Amino acid sequence: MIITFIVPSVTAFNYEIGQRFIDRLSYYMDVPMATNLLISNFRFAGGFPNGLLAPDRDQYLRLRNALAPPMVYYGLEDGSISGFYKGGEFNFGYYREPGNGGYALDDPKMAKHLASCVEKNGTQKDCIMDIGSQYTKCVDECKVQLCPDEDSQKNCSSLMSDEDRSACDGKKRYCAQYEIAYAPLDPSERLGYVPLTNFCHDVRGLFTQVEGEVLQSYFPITIDLGTTSQSSFPLGNCYHADGTTRVNRSLAGAYGYCGTNGEVCNNTFAGGYESSDYDPRYRPWYTAVRESQAPTWFGPYPYFMLGLGLTFGSPIYDDVDGKRVFAGVLAVDYRLEDIAKFLVDTYGGTDTAVIMYDEASPNYVVASSTGSPAAKLVLKEDPSKPCPVSSGTMADTPCDPARVKVSEFSTMSGNEMDNMLVKASLRHIESSYPEELISIKAPSEIRFDVYLSQNTLFEHPGTNLQWRVIIISPGNRSASDSIEANHPLFGTIITVGLLGVIICLAFFIAFYRSRKQRAVIYADWRFTCAFILGCALFNCSTFAFLGPNTDMTCMMRMWVFHLFFVVALAPLFVKVWRMSKLAGSSNIRRQSVSHTKTALLMLPLLLAQTIILTFVSIFDPPHQTQNTEVVAGIVTQHIVCSQNTMALFITEIVFEAGLIVIGCYLAFKTRNMNDNFGESKQLIFAMYNIALVSVVFLLLSILADLEQGDKKMLQAVGVFWGTTVSSAAFVIPRLIQVQNFTSGSNVALSGIGSPATKFGSSQN
């Protein structure tokens with residue numbers, strides 16, 4: 001099925017809806033950039049007294065609390081990380097002390113970290129790494145060297161001018177040297193880690209375990225905290241991961257949070273209810289920014305918690321001895337559910353639906369406005385199999401979140417709108433993302449007949465983010481494109497076609513039964529009967545106009561109409577040709593054109609039409625085409641028969657119109673022939689009638705603004721008029737002559753040649 005042809009107003013419609021969505025999405029995706037920029041500038045201005053090191057944790061949390069995105073955090077080269085998530089059913093903070101894992105369990109300097117882990121029920125436990133776990137290991141005491149990005153590795157000395165060399169050197173960045181190592185397989189060589197701790201927090205965003213001050217669910221960013229009563233927030237207590245044990249931790253030690261000079265405090269883990277082995281420096285969102293030394297979108301990928309999402313990371317730096325030293329990454333996460341919520345908030349409750357997926361194959365779904373999940377849980381050991389549990393985290397189930405391809409998206413949800421989005425997406429992929437709108441037929445469960453889909457590419461400036469966006473909006477299907485049972489013209493066209501067949505057959509029977517009458521013999525009854533039968537057959541082509549416009553019916557209509565037209569015209573054409581030969585002879589008594597020779601002259605006409613239709617069927621076949629039209633803001637889908645070129649139209653104009661014009665000319669040559677020896681007036685009338693009907697139909701089809709159904713009705717009436725009136729021109733006058741013969745009429749004339757066809761001694 002080929003999707004083609006679109007009116008100019010649709011282009012404006014396509015741009016308006018698509019661009020409006022891209023503008024909203026761009027704003028939404030710009031929020032992480034603006035967030036990181038704000039924090040970076042705040043850090044540069046001295047907003048964090050210690051440059052965002054561990055003692056600045058609370059200062060950072062206060063600032064983070066005022067920011068809109070659900071997940072905002074940072075990770076530093078010393079291994080520390082802090083932030084909190086606010087959204088949906090989740091509401092927690094997290095923090096990791098600076099330091100490297102992989103230390104010996106008996107290392108006295110790391111004893112404070114070894115003792116800082118906690119069981120789900122609140123019991124203290126040692127932070128011992130699992131066999132094969134990752135950890136960060138310093139190389140050459142973590143001294144800095146040039147970062148791995150292209151600008152830092154560039155050889156500036158090869159540049160010609162001092163200005164260019166200075167600009168090149170100014171782009172160089174320096175990174176601490178460390179590597180990712182793995183805990184040994186030998187159980188006797190167990191190593192410790194610095195834990196990531198999840199925390200309860202209060203309305204200000206600070207970690208707390210104070211009774212009655214713990215925020216139980218997130219609040220919208222639109223709330224003015226300064227004017228809102230504390231009692232307006234859902235507050236409660238902090239519990240460990242078992243959900244029943246109250247958190248009451250006061251682990252004392254010289255932790256980084258306490259200060260930069262070895263200060264000791266006991267509130268570093270206050271409100272910390274769960275711990276895990278996590279270091280930002282080997283997580284993909286961190287390494288992507290470290291390697292590129294540029295703001296970067298990464299993902300979607302599996303989060304350590306909370307399923308799948310993507311991260312926008314921005315590098316931050318310290319000036320050390322005149323060098324720009326990479327200090328860490330400011331990060332903002334968007335879970336796939338967060339992006340879906342944005343789409344639901346934007347288009348939920350409307351008739352428009354949106355799906356976004358990766359531009360690159362295999363086209364994984366990012367989100368849709370239906371809110372259906374774009375991820376699934378699969379077994380860790382075998383990702384081809386679904387997870388046997390419905391929910392869980394990577395820490396307590398043998399399952400991982402996995403992305404969903406656009407081709408399988410609707411099977412995950414069973415949602416009919418998801419199915420429509422998938423159909424539209426696959427059609428756009430197959431069509432290489434055309435500029436035109438593509439229409440999708442809607443099932444009966446959806447209240448609209450058809451949806452019009454458009455595509456646009458979303459690219460985030462300066463990043464590697466490329467998503468294909470498919471937007472579907474409801475439209476109306478034109479009821480006038482095809483003549484089906486419920487169409488008001490359905491019965492009329494059947495009546496016109498059937499009446500034409502009956503009239504032509506009645507003329508044929510009456511004429512054939514009178515074939516031995518002298519008046520009919522003079523009329524060359526064989527070719528007249530063939531013409532009338534052809535007219536009856538041509539009226540049958542009217543029935544091909546009925547039914548839906550499919551590839552098959554489009555092809556059938558072309559063959560039936562044009563072939564039956566020549567079948568009807570050929571006997572009349574050769575009859576006119578023979579009469580013109582006789583009329584143009586200088587010695588009418590010596591001119592003879594046999595019936596056999598005349599009949600054989602019809603074959604080239606039929607053969608020529610067959611060849612034309614065969615070539616068209618192979619190289620430019622008529623097919624179902626879906627067009628869209630926008631009038632006064634209403635989108636209408638048209639399903640019509642069309643071709644890619646004008647080849648058939650031009651060829652048939654030349655061939656069929658040529659036959660009619662030549663036939664009219666030859667008929668005109670017979671105008672002075674005696675009516676007793678031919679039918680010059682009938683020939684002229686019939687040919688001119690066919691020519692007139694053809695011209696009127698052609699002009700109305702081209703110039704008049706007619707619906708497809710009206711054109712079919714016009715064509716049916718044209719066929720009926722041209723065939724019945726031309727047949728009547730031959731039959732009715734001769735039948736009147738038969739009635740007027742005074743001889744009484746049933747006179748057999750076998751063996752006597754027709755004066756109109758035989759003027760000489762030659763025999764058939």
Side-chain angles (χ1 to χ4, degrees), residues 1-4 6 10 13-14 16-18 20-22 24-25 336-337 339-359 362-376 403-458 467-479 481 548 550 624-630 633-639:
M1 191 178 297
I2 301 175
I3 310 301
T4 58
I6 189 166
V10 175
F13 168 86
N14 187 10
E16 179 185 353
I17 294 181
R20 188 165 61 242
F21 173 77
I22 291 298
R24 291 177 180 175
L25 181 60
L336 295 189
E337 290 89 340
I339 301 175
K341 183 178 183 303
F342 160 74
L343 296 180
V344 171
D345 291 344
T346 304
Y347 289 101
T350 71
D351 294 320
T352 297
V354 178
I355 188 171
M356 299 190 304
Y357 54 85
D358 291 345
E359 171 73 359
N363 309 116
Y364 287 116
V365 175
V366 176
S368 79
S369 62
T370 63
S372 298
K376 58 185 177 181
R403 302 189 66 188
V404 176
K405 299 177 184 177
V406 68
S407 58
E408 61 185 11
F409 181 62
S410 60
T411 61
M412 299 289 297
S413 67
N415 187 311
E416 282 297 340
M417 285 305 298
D418 286 338
N419 188 41
M420 294 294 295
L421 288 169
V422 169
K423 286 182 179 180
S425 300
L426 296 180
R427 289 278 297 279
H428 280 278
I429 292 172
E430 293 167 1
S431 304
S432 300
Y433 300 111
E435 294 182 1
E436 297 85 2
L437 300 178
I438 293 180
S439 59
I440 308 296
K441 183 179 179 181
S444 57
E445 293 83 359
I446 298 179
R447 64 191 184 97
F448 294 99
D449 294 331
V450 65
Y451 277 78
L452 284 302
S453 63
Q454 56 183 290
N455 79 86
T456 186
L457 181 64
F458 174 75
W467 292 336
R468 183 61 63 170
V469 179
I470 304 296
I471 305 172
I472 64 173
S473 301
N476 298 312
R477 177 166 294 163
S478 173
D481 294 331
T550 65
Q624 182 197 70
T625 302
Q626 301 185 29
N627 306 328
T628 51
E629 179 183 39
V630 179
I634 299 175
V635 183
T636 303
Q637 179 203 40
H638 295 279
I639 300 179

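In what follows, residues are counted from 1 in the order of the sequence shown. This one's a predicted model, so the numbers in the text were calculated from it and none came from an experiment.
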Asp358 and Trp467: side chain to side chain contact (heavy atoms under 4.5 Å, CB included), yes or no, with the steps?
CA-CA 5 Å; Asp358 291 345; Trp467 292 336; 3.7 Å; yes
Please round to the nearest 0.5 Å and tell me the distance separating atom [atom1] of [X] and atom [atom2] of [Y].
| X | Y | atom1 | atom2 | answer |
| --- | --- | --- | --- | --- |
| Thr352 | Leu452 | OG1 | CG | 10.5 Å |
| Glu435 | Thr456 | CD | OG1 | 10.5 Å |
| Thr346 | Leu25 | OG1 | CG | 9.0 Å |
| Asn419 | Thr370 | CG | OG1 | 11.5 Å |
| Tyr433 | Glu359 | OH | CD | 5.5 Å |

If you take all heavy atoms of [X] and [Y], which pair is closest and at what distance?
| X | Y | value |
| --- | --- | --- |
| Val365 | Ala367 | CG1-N, 3.6 Å |
| Ile440 | Met420 | CG2-CE, 3.6 Å |
| Val422 | Val406 | CG2-O, 3.3 Å |
| Ala353 | Ser369 | CA-OG, 3.3 Å |
| Ala340 | Gly371 | CB-CA, 4.5 Å |
| Pro474 | Asp351 | CD-O, 3.2 Å |

Distance-only side-chain donor-acceptor flag, Arg468 / Asn363, under 3.5 Å:
no
Do Ser410 side-chain atoms and Asp418 backbone N/O form a donor-acceptor pair below 3.5 Å?
no
With no hydrogens and no angle check, is any side-chain donor or acceptor of Ser368 less than 3.5 Å from a backbone partner on Ile355?
no
Any side-chain heavy atom of Tyr357 within less than 4.5 Å of one from Ile429?
yes
Would a 4.5 Å heavy-atom cut-off, applied to side chains only, mark Ile472 and Lys423 as touching?
no
Checking side chain to side chain contact (heavy atoms under 4.5 Å, CB included) for the pair Arg403/Val366: CA distance, chi angles, key distance, verdict?
CA-CA 8 Å; Arg403 302 189 66 188; Val366 176; 3.9 Å; yes
Can you check side chain to side chain contact (heavy atoms under 4.5 Å, CB included) on His428 and Ser453, steps first, answer last?
CA-CA 9 Å; His428 280 278; Ser453 63; 2.9 Å; yes
Phe21 vs Tyr347 aromatic rings, parallel, tilted or perpendicular, using cut-offs 30° and 60°?
tilted
